[in-house]
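Small disclaimer: the values here were computed from a predicted structure and weren't measured. By convention here, the first residue in the shown sequence is residue 1.
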Amino acid sequence: MTIQIDEARLREELAELATFTGVEQPSEGTAVTRVVFTEDDLRARAWLKGLAEAEGFSVREDAVGNTYIRMVGTEPELPAVATGSHMDAIPHAGMYDGTVGVLGGLEAMRALKQSGMKLRRSVELLLLTSEEPTRFGIGCLGSRLVAGTLDAARADAMTDKDGTTLAEVRKAAGFTGTLDSVKLAKGHYHAWVELHIEQGPLLEREGIPLGLVTSIAAPAGYRFTIAGCGGHAGALLMPDRKDALCAAAELILATERHALATGAIDTVATVGTCDVYPGAVNSVPSRVVLQLDIRDTEPARRESVMQAVRQECRALQQRRGVTITEEFVNADEPAACSAHTIALLEEICADAGIVYKKMVSRAYHDSLFMAQIAPISMIFIPCRGGVSHKPDEYASPADIARGTSVLAAVLAKLAEE
Ligand code: GLV
Ligand code: MN
Ligand code: MN
């Protein structure tokens, strides 16, 4: 029986999903901002549920808005095979990050239904809530709660930049249950496979149309608050200053230096937000809050960079008379992909004559947390210039369709086990 992906439908649906954003469009590319539980996010969710229901798939939502779209197998009591990703997008992002895994997953399920195969296991598509850390400062919110690695009370108490808690925001969006109920047991799924754009340059550079992920690097996040002393930008004399932003600038550069100093290509550190108070052009900054995102395939090496950063903080406090406090956000372990699923994927590629590359994912994904409850794997699609998290992010319809057909094929094999 043949599994036929409708490339045109998938391309059109990706384009339609990209319209669920209020952001102004650049002259080139497609800009998407879709922050969790905003109106655009809720509209996109409703649209996806409509597509799923039109196929006759069942839809369930949990207390954090993770959405479970199920095609029931002939032995529904068996653990299902799952796929999925996210639809939220960071400010001014592109239209493929996460969405390819959600709409590709839906297309794969439709193709399996259309093929007439009677699969033993149910196949389930998960739309996971807030893979991006934009609103609450922590990524993979939905999948962390599914895996039980994020405490429910801590999650509900997290606040956005307006001081609104997750508990308030999710309830206003209609997700009213307790967060404890989101967790799924280990073994709940027989397997999990996520389709995603590579978000890096290697596949395109090497002319390879598909990547099979072997492991996902370990991310960590910390928030630093630097308290100095503000004052009049004209009247406060330079020798008397405790400028929090100058201290922050030193800390940011020191972080870059220490990440480079490991000499490992897998160590990456980024300060992506820096909030300056009071934020007036003629006022010496009294306080700065910055968020550090640091990742490595080796958690011990990542921690050694953090130790060096903390040493810099102590030195800065002494030298500049500021106070620096560190807040832990997350420090995760890397995840290994299932050798069994990779072997199935290799077989599928060999049969279809698809050249592939085995590779590490340096970006994190919901798969990192799904690994706590199921054997995971990921299929990567090339993206132009390795660009992601920007409006010029692009993956070709043919590459997306190829990845989706491999996804459908592996879901079918796993569902027959
Ligand atoms: C996911 O968006 C990541 O930051 O890796
Ligand atoms: Mn992303
Ligand atoms: Mn993503």
Side-chain angles (χ1 to χ4, degrees), residues 1-5 71 73-75 78-85 100-101 104-105 107-109 111-112 115 117-126 143 147 186-200 202-203 206-218 266 297 333-382 399-417:
M1 275 180 238
T2 55
I3 305 173
Q4 193 62 44
I5 299 302
M71 181 172 78
T74 57
E75 297 178 47
L78 291 178
V81 174
T83 186
S85 199
V100 158
E107 185 56 35
M109 280 168 60
L112 292 173
S115 75
M117 286 179 189
K118 295 278 169 260
L119 300 173
R120 290 179 67 211
R121 295 176 189 273
S122 300
V123 179
E124 190 152 89
L125 170 68
L126 273 68
S143 50
K186 201 175 173 67
H188 180 84
Y189 290 118
H190 177 63
W192 160 269
V193 190
E194 181 172 359
L195 176 70
H196 206 282
I197 56 168
E198 181 198 347
Q199 303 182 288
L202 300 181
L203 291 174
E206 295 171 31
I208 297 176
L210 199 101
L212 301 180
V213 174
T214 51
S215 65
I216 306 173
D266 292 324
T297 48
E333 290 296 308
C337 292
S338 152
H340 171 65
T341 312
I342 294 175
L344 292 181
L345 286 162
E346 290 190 277
E347 221 174 272
I348 290 163
C349 289
D351 288 350
I354 299 171
V355 179
Y356 60 87
K357 174 187 175 68
K358 289 194 193 174
M359 60 200 303
V360 171
S361 171
R362 291 195 178 78
Y364 62 67
H365 301 282
D366 290 308
S367 296
L368 188 65
F369 298 96
M370 297 309 287
Q372 308 269 341
I373 62 159
I376 61 148
S377 58
M378 291 193 74
I379 301 167
F380 271 179
I381 291 166
D399 284 339
I400 295 172
R402 186 183 302 101
T404 304
S405 68
V406 172
L407 173 67
V410 80
L411 293 175
K413 279 188 190 266
L414 289 164
E416 276 304 274
E417 289 180 343

Contact between [X] and [Y] at the side-chain level, heavy atoms closer than 4.5 Å - yes or no?
X	Y	value
V360	V213	no
I216	S367	yes
S361	F380	yes
I376	E194	no
Y189	V81	no
L210	C349	yes
T297	R362	no
I342	K358	yes

So, [X] side chain and [Y] main chain: donor-acceptor pair closer than 3.5 Å or not?
X	Y	result
T83	V193	yes
S115	M117	yes
S405	I5	no
E198	L202	yes

Could you measure the distance from the CH2 atom of W192 to the CE atom of M378? Nearest 0.5 Å is fine. 8.5 Å

Side chain to side chain contact (heavy atoms under 4.5 Å, CB included) between E124 and L126, intermediate numbers included: CA-CA 6 Å; E124 190 152 89; L126 273 68; 3.8 Å; yes

With a cut-off of 6.0 Å (strictly less than), are more than 12 heavy atoms of other residues, nucleotides or ligands near CD of E75? yes

Might you work through the side chain to side chain contact (heavy atoms under 4.5 Å, CB included) test for M359 and T214, ending with a clear yes or no? CA-CA 6 Å; M359 60 200 303; T214 51; 5.9 Å; no

Which is it for I379 and Y356 under the side chain to side chain contact (heavy atoms under 4.5 Å, CB included) test, yes or no, and what are the steps along the way? CA-CA 10 Å; I379 301 167; Y356 60 87; over 6 Å; no

Please evaluate residues M71 and L119 with respect to the criterion side chain to side chain contact (heavy atoms under 4.5 Å, CB included), reporting the C-alpha separation (whole Å), side-chain torsions for both, the decisive distance (0.1 Å), and the verdict. CA-CA 10 Å; M71 181 172 78; L119 300 173; 4.2 Å; yes

Would you name the heavy atoms of [X] and [Y] that are closest together and state the gap between them?
X	Y	result
G73	S122	N-OG, 3.0 Å
L195	G104	CD2-CA, 4.2 Å
L203	I381	CD1-C, 4.0 Å

For Q199, which residues count as a side chain to side chain contact (heavy atoms under 4.5 Å, CB included) partner, sequence neighbours excluded? D97, H196, I197, A363, H365, S388, H389

Of H190, R120, R121, which meets side-chain hydrogen bond (donor to acceptor under 3.5 Å, both in side chains) against E417? H190

